[in-house]
Amino acid sequence: MSYNINDQLDYQSSYENSLNNPEEFWHAIANNFWWKKPWEYVLKYSMSEAQFSWFKEGKTNITVNCLDRHLEKKGSKTAFIFEPNDSGQDSEHITYIDLYSRVCKLANVLRKYGIKKGDRVCIYLPMIPELTVSVLACARIGAIHSVVFAGFSSGALASRIDDCSAKLVITSDGAFRGNKLIDLKSIVDESLRSCSSVEKVLVVERTFQNISIVEGRDLLLRRELDLVEENCEPELMDAEDPLFILYTSGSTGKPKGMMHTTGGYMVYVGYTFQNVFQYRENDIYWCTADVGWITGHSYIVYGPLLNGATSVLFEGIPSFPDFGRFWEVIDKHKVTQFYTAPTAIRSLAKESLSWVNKYSLTSLKILGSVGEPINDEAWTWYFENIGKKNCPIVDTWWQTETGGILISPLPGITKLKPTFATLPLPGVQPVLMDENRREVSGNDVSGNLCIKFPWPSIARSIWGDHNRYKETYFTAYPGYYFTGDGAMRDEEGNYRITGRVDDVIIVSGHNLGTAPIEDAINEHPLIAESAVVGFPHDVKGNALYGFVSFKDGVENSDLKTLKNEINQFISGQIGPIAKLDKIQFVSSLPKTRSGKIMRRILRKIAEGDFSNFGDISTLLNPEVVEEIKNNSL
Ligand code: WT7
């Protein structure tokens, strides 16, 4: 069995094989990687206990597979083309040898400051080469990286640092983002006021703006790098040793630190990158995500490097200096595979087509989409105007928890169907469940999407709370992994993901839990309670609608100021991405006798659908529904 899937027969036989003999199947795939010592068994698992162990006792280091292994033949090949925020500045080509030595040096700096296997390192950086170098430097020495997206606020950063007791933070003096200059270092300083675990902060100089340095804690990375050696022995890792933690929103409570381990993640991400993007030796691949999300971890850093690929690493945003930036970069670097999010496609499709038509885009072979369902209009615009009807679109469905892509067409192999993520990749067994928690059989059906059998990159736990992991993903449908998504399956077995069925809302491709947003709103001294729901939005996919009630005796004088303050609270606690588009003040929230907010009513009102609220007989205060409906925005 080969690593590359080349045609439909190959896909079918790989898929069948992976179902009939999963262990043999993954054993053969895993043999494509470097291991210091082979595994003792391929898989042991228990769905009910949420325990998964892949390639146990196999010893490796993922950075050897990403870097060392390529040096002999591909040392001078470009690993990353860094494209800076400012289009007037030169891009930087970083070869595999360059990347290797930068990783080793940073790893040595980490070691020098006492970071060892199993310690947590928080990375809070813009999309600059040091971000990927930091991730790999941690992996080199077995430290567990926890990358926090640099758009998160100090509150969100502090809770993530605290949750995993990170010992060290890597950040920068600032970030360039479009025409803005962001003061990242101050955000870190602010969050560290409440975090006691952090001993050192390494600061990358990017903007060279003035920053304050805390003596004894903060170190300029540039100086530290001059003092260390170029070689760094990789730490030998068991396949099941943790590789990273990445936080994702939950429908309740604090963010969940999804924990991924080394071996299974490596095998799965390497294999799926190769096949979903059909990467060929001279291709130039570009994924526009941020490394702060799972897409960046798996398909900017690890997947491409495991395959010795060349990728573009883009610091900027799609609208700066103008709406042609993506297309300009594609022409400039002759990008062959382009992977982005529906929200970006929709926002660019709104602008004049002349931004696209200024560029040839002839280098493109394959287009990708990820993060939320792609609607028909956006799919067609992407296919016709960017791909010129010549490039298959891979609509890749997956999650932070799944580590890698689970359902996706294989370009040139799978028959495409707009808005459908189509078929499962080898090793993946999706099923749809009905209200009675039974599998829905046959085709042309819908239900809640579960996965029936483990795949190598399934998250192993929630950091510090295995019980929550079990509860969240393995109890609703005993014996299955529950994704939180609804889906349908057409006559030919293709899957279409219809969206979340829980209280997670996907806004511009960002996964937001309603609970933390409500917590932030409720911190406002005048606010009693709030409920946040989603409503459809042209560009963002979904936007947020907040229903908010005052504390007793509050004069609701200046509502406009109050609305701004609420959004400032949210920005401060979570980040600007979680701001509300609409805020409605209500006398109270519709609640059941047991005190639960009846969100489905609020959802309908937010969507402007007043047709049928269903059974509201369990409501304690049914009269409020009329009021909320009449004042809806
Ligand atoms: C949720 C996971 C996967 C990396 C980025 C998001 C939604 C993701 C698709 C798609 C329809 C999609 C799902 C999923 N989603 N990709 N191709 N079609 N929906 O990772 O932040 O963990 O979010 O994103 O609802 O559950 P995430």
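Remember, it's a predicted structure, so these values are computed and weren't measured experimentally. When a ligand or atom number is given, it counts from 1 through the structure's own listing order.
- Ion pairing between a basic and an acidic side chain is recognised when a charged N comes within 4.0 Å of a carboxylate O; E492 and K415 show such pairing.
- For ligand 1 and P373, the ligand atoms under 4.0 Å from any heavy atom of the residue are 11 (C), 18 (N), 19 (N).
- In D485, the part holding a heavy atom less than 4.0 Å from any atom of ligand 1 is the side chain.
- Looking only at side-chain heavy atoms (C-beta outward), S249 and P255 stay at 4.5 Å or farther from each other.
- Considering backbone and side-chain atoms alike, T483 places every N or O at 3.5 Å or more from each N or O of ligand 1.
- For the residue pair R489/Y495, the side-chain donor-acceptor check at 3.5 Å is satisfied.
- The distance from ligand 1 to the heavy atoms of T400 drops below 4.0 Å at these ligand atoms: 20 (O), 21 (O), 22 (O), 27 (P).
- Of the charged side-chain nitrogens involved, none lies within less than 4.0 Å of a carboxylate oxygen, so that E401 and R460 do not count as a salt-bridged pair.
- If you number the atoms of ligand 1 from 1 as listed, the ones under 4.0 Å from a heavy atom of D395 come out as 10 (C), 17 (N), 18 (N).
- Of the N and O atoms on the side chains of Y268 and T402, not one donor lies less than 3.5 Å from an acceptor on the other residue.
- Ligand 1 has W398 within reach: a non-hydrogen atom of the residue lies less than 4.0 Å from it.
- Summarising the contacts of atom 6 (C) of ligand 1 with G371, P342, G296, the nearest heavy atom is found in G371.
- Considering backbone and side-chain N/O of Q399, one or more are found under 3.5 Å from N/O of ligand 1.
- Close approach of ligand 1 to T396 (heavy-atom distance below 4.0 Å) involves ligand atoms 9 (C), 10 (C), 16 (N), 17 (N).
- Near I294, meaning under 4.0 Å from one of its heavy atoms, ligand 1 places the atoms 4 (C).
- Y247 and S159 form no side-chain donor-acceptor contact under 3.5 Å, judged by distance and modelled atom types alone.
- Using modelled atom types, one finds no donor on one side chain facing an acceptor on the other under 3.5 Å when comparing S530 with E518.
- Backbone and side-chain nitrogen or oxygen atoms of N511 are examined, and one is located within less than 3.5 angstrom of a nitrogen or oxygen of ligand 1.
- Close contacts of ligand 1 with V370, meaning ligand atoms under 4.0 Å from a residue heavy atom, involve 3 (C), 4 (C).
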Name every donor-acceptor pair, under 3.5 Å, that has one atom in a side chain of residues 419-433 and the other anywhere in the protein, sequence neighbours excluded.
none

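- Contacts between R500 and ligand 1, counted as non-hydrogen atom pairs separated by less than 4.0 Å, involve the side chain only.
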